[in-house]
Amino acid sequence: MFDALSRWRQRRVLQRSAIPDALWREAVALLPFLAILTDEELARLRAMVVLFLDAKAIVGARGHDVTPLQRVVIAIQACVLVLNLDLSHYGGFENIIVYPGEFVPGWEWEDEAGVVHRNDGPLAGEAMPGGPIVLSWPDVEAGADWENTGMNLVIHEFAHKIDMRDGKANGCPPLPAAMSVAAWRAALTAAYDDFCARVDRDEDTAIDPYAAESPAEFFAVLSEVFFADPELLRDEYPDVYAQLAALYRQDPAPRAARLRRE
Ligand SMILES: [Zn+2]
């Protein structure tokens with residue numbers, strides 16, 4: 001009964017809130033890494049984006065006006081991660097807050113001595129367990145130009161959300177039953193240790209050195225690379241690539257290679 005009802009509701013949302021063709025095409029054109037998707041996958045992505053936008057509020061802060069194109073660009077990148085999974089991976093929060101630039105998070109934390117600290121460094125993005133995702137629009141825009149910026153903020157923050165489904169951001173998201181936690185940890189830990197050593201040696205890494213910050217950041221940054229530059233991840237850390245391919249149920253590297261040769 002519930003399933004039938006929710007399917008009926010989904011159909012209604014898809015009909016009522018369809019994205020106009022011109023807007024969809026404009027948003028897809030801004031995200032070159034979508035070029036590997038088939039027409040069937042793009043159609044599925046488009047339906048998922050409609051359901052995502054129905055379930056989440058994307059709101060501007062500090063005077064930022066979120067345009068329809070910005071909403072779709074953010075939603076597409078969020079949905080790419082779960083294209084072969086489902087939107088339940090993004091349960092437990094409703095809001096995506098968009099700032100006109102980097103922002104200073106308002107949260108405070110208490111250390112073991114009971115001293116309350118404020119984090120005053122400006123951030124481009126933030127994801128907290130059970131809380132909203134916060135994004136700086138210029139940094140979202142920069143992600144469309146992967147060739148030059150090597151970053152994708154939306155994929156990064158939504159990967160944190162997937163990691164946090166068990167309440168903790170630790171670089172080990174809840175895995176489907178078919179995957180081995182031991183194999184995940186072995187692949188990620190070996191790659192993380194290697195990457196940290198390279199960063200410590202001041203090596204010029206093709207992957208953003210910010211990934212060395214913590215295992216949680218390593219997972220989020222490598223998820224960006226997995227979707228935006230899959231061949232790079234497969235070449236640098238093939239075992240991590242294989243784990244992410246199993247987690248996201250996508251294998252983008254051979255498709256990106258084929259596309260590049262065409
Ligand atoms: Zn992060």
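On a predicted model such as this, the values are computed, not experimentally measured, just so you know. Values below: all heavy atoms of this structure, side chains included; hydrogens, waters and symmetry mates excluded.
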Do Y237 and D194 pair up side chain to side chain, a donor and an acceptor below 3.5 Å, judged on atom types alone?
yes
Okay, side chain of E26, backbone of D21: is any donor-acceptor separation there less than 3.5 Å?
no
If two hydrophobic side chains count as joined below 4.5 Å and joins carry through other members, does V221 share a cluster with L123?
no
Is the shortest heavy-atom distance from the side chain of H64 to the side chain of Y99 under 4.5 Å?
no
Should the heavy atoms of other residues, nucleotides or ligands under 6.0 Å from CG of D200 be counted, would the total exceed 12?
yes
Rounded to the nearest 0.5 Å, what separation is found between the CD atom of E213 and the CG atom of D208?
10.0 Å
List, one per line, each side-chain donor-acceptor pair under 3.5 Å for residues 151-162, sequence neighbours excluded.
residue, atom, partner, partner atom, Å
N152, OD1, V154, N, 3.3
N152, OD1, I155, N, 2.9
N152, ND2, Q77, OE1, 2.8
H156, ND1, E224, OE2, 2.7
H156, NE2, H160, NE2, 3.1
H156, NE2, E217, OE1, 2.9
E157, OE1, A127, N, 3.3
H160, NE2, E217, OE1, 3.1
H160, NE2, E217, OE2, 3.3
K161, NZ, M128, O, 2.8
K161, NZ, G131, O, 2.7

Looking only at atom types and distance, does a side-chain atom of N170 sit under 3.5 Å from a main-chain N or O of P215, one as donor and one as acceptor?
no
Taking atom CD of E94 as the centre, does the number of heavy atoms from other residues, nucleotides or ligands within less than 6.0 Å exceed 12?
no
Heavy-atom count around E40 CD within 6.0 Å, excluding the residue itself: above 12?
yes
Flag the pair W146 / P32 as yes when at least one side-chain heavy-atom distance between them is below 4.5 Å, and no otherwise.
no
Residue of the set V82, I96, L85, I133 for which side chain to side chain contact (heavy atoms under 4.5 Å, CB included) holds with Y90:
V82
Examine V72 and L45 and state if one hydrophobic cluster contains both, with Ile, Leu, Val, Met, Phe, Trp and Tyr joined whenever side-chain heavy atoms are less than 4.5 Å apart.
yes
Report the distance from atom CE of M48 to atom CG of L14, rounding to the nearest 0.5 Å.
11.0 Å
For the residue pair P176 and L247, establish whether any side-chain heavy-atom pair is separated by less than 4.5 Å.
yes
Within the distance-only criterion (no hydrogens, no angle test), does the side chain of N84 pair as donor or acceptor with the backbone N or O of R249 below 3.5 angstrom?
yes
Pairwise distance CG(L233) to CG(L222) - rounded to 0.5 angstrom:
5.0 Å
Are F93 and V49 linked, directly or through intermediate hydrophobic residues, by side-chain heavy-atom contacts shorter than 4.5 Å (ILVMFWY only)?
yes
If you define the side chain from C-beta out and look only at heavy atoms, does anything of V240 sit under 4.5 Å from F195?
no
Distance col, row L42:CG vs L37:CG, nearest 0.5 angstrom, shows 5.0 Å
Are side-chain heavy atoms of E231 and R260 found at a separation under 4.5 Å?
yes
Contact between F218 and S214 at the side-chain level, heavy atoms closer than 4.5 Å - yes or no?
no
Can V104 be reached from V140 by stepping across I, L, V, M, F, W or Y side chains whose heavy atoms are under 4.5 Å apart?
no
SB check E41 R46 (cutoff 4.0 Å)
no
Which atom pairs, donor and acceptor, lie under 3.5 Å between side-chain atoms of residues 177-186 and protein residues at least two apart or in another chain?
residue, atom, partner, partner atom, Å
S180, OG, A182, N, 3.3
S180, OG, A183, N, 2.9
W184, NE1, G171, O, 3.1

Between D251 and Y241, does the side chain to side chain donor-acceptor pair (under 3.5 Å) criterion hold? Intermediate values first, please.
CA-CA 9 Å; D251 188 10; Y241 178 88; 2.6 Å; yes
Is the side chain of R255 donor-acceptor paired with the backbone N or O of I36 at a distance under 3.5 Å, no angle test?
yes
For the side chain of N95 and the backbone of I97, is there at least one donor-acceptor N/O pair under 3.5 Å apart?
no
For a 4.5 angstrom cut-off between non-hydrogen side-chain atoms, does C79 reach L87?
yes
Got a second to check how far L135's CG is from I58's CD1, nearest 0.5 Å?
8.5 Å
How many angstroms lie between CG in D229 and CD1 in I207, if you round to the nearest 0.5 Å?
9.0 Å
Residues R9 and D54 bridged, charged N to O under 4.0 Å:
yes
With heavy-atom distances below 4.5 Å as the criterion, would you say the side chains of P252 and F226 are in contact?
yes
Less than 3.5 Å apart, any donor N or O on the side chain of S223 or Y248 sitting next to an acceptor on the other?
yes
Are F227 and F33 an aromatic pair by the rule of ring centers under 6.0 Å?
no
Tell me whether V59 is reachable from F52 by hopping between hydrophobic residues (I, L, V, M, F, W, Y) whose side-chain heavy atoms are closer than 4.5 Å.
no
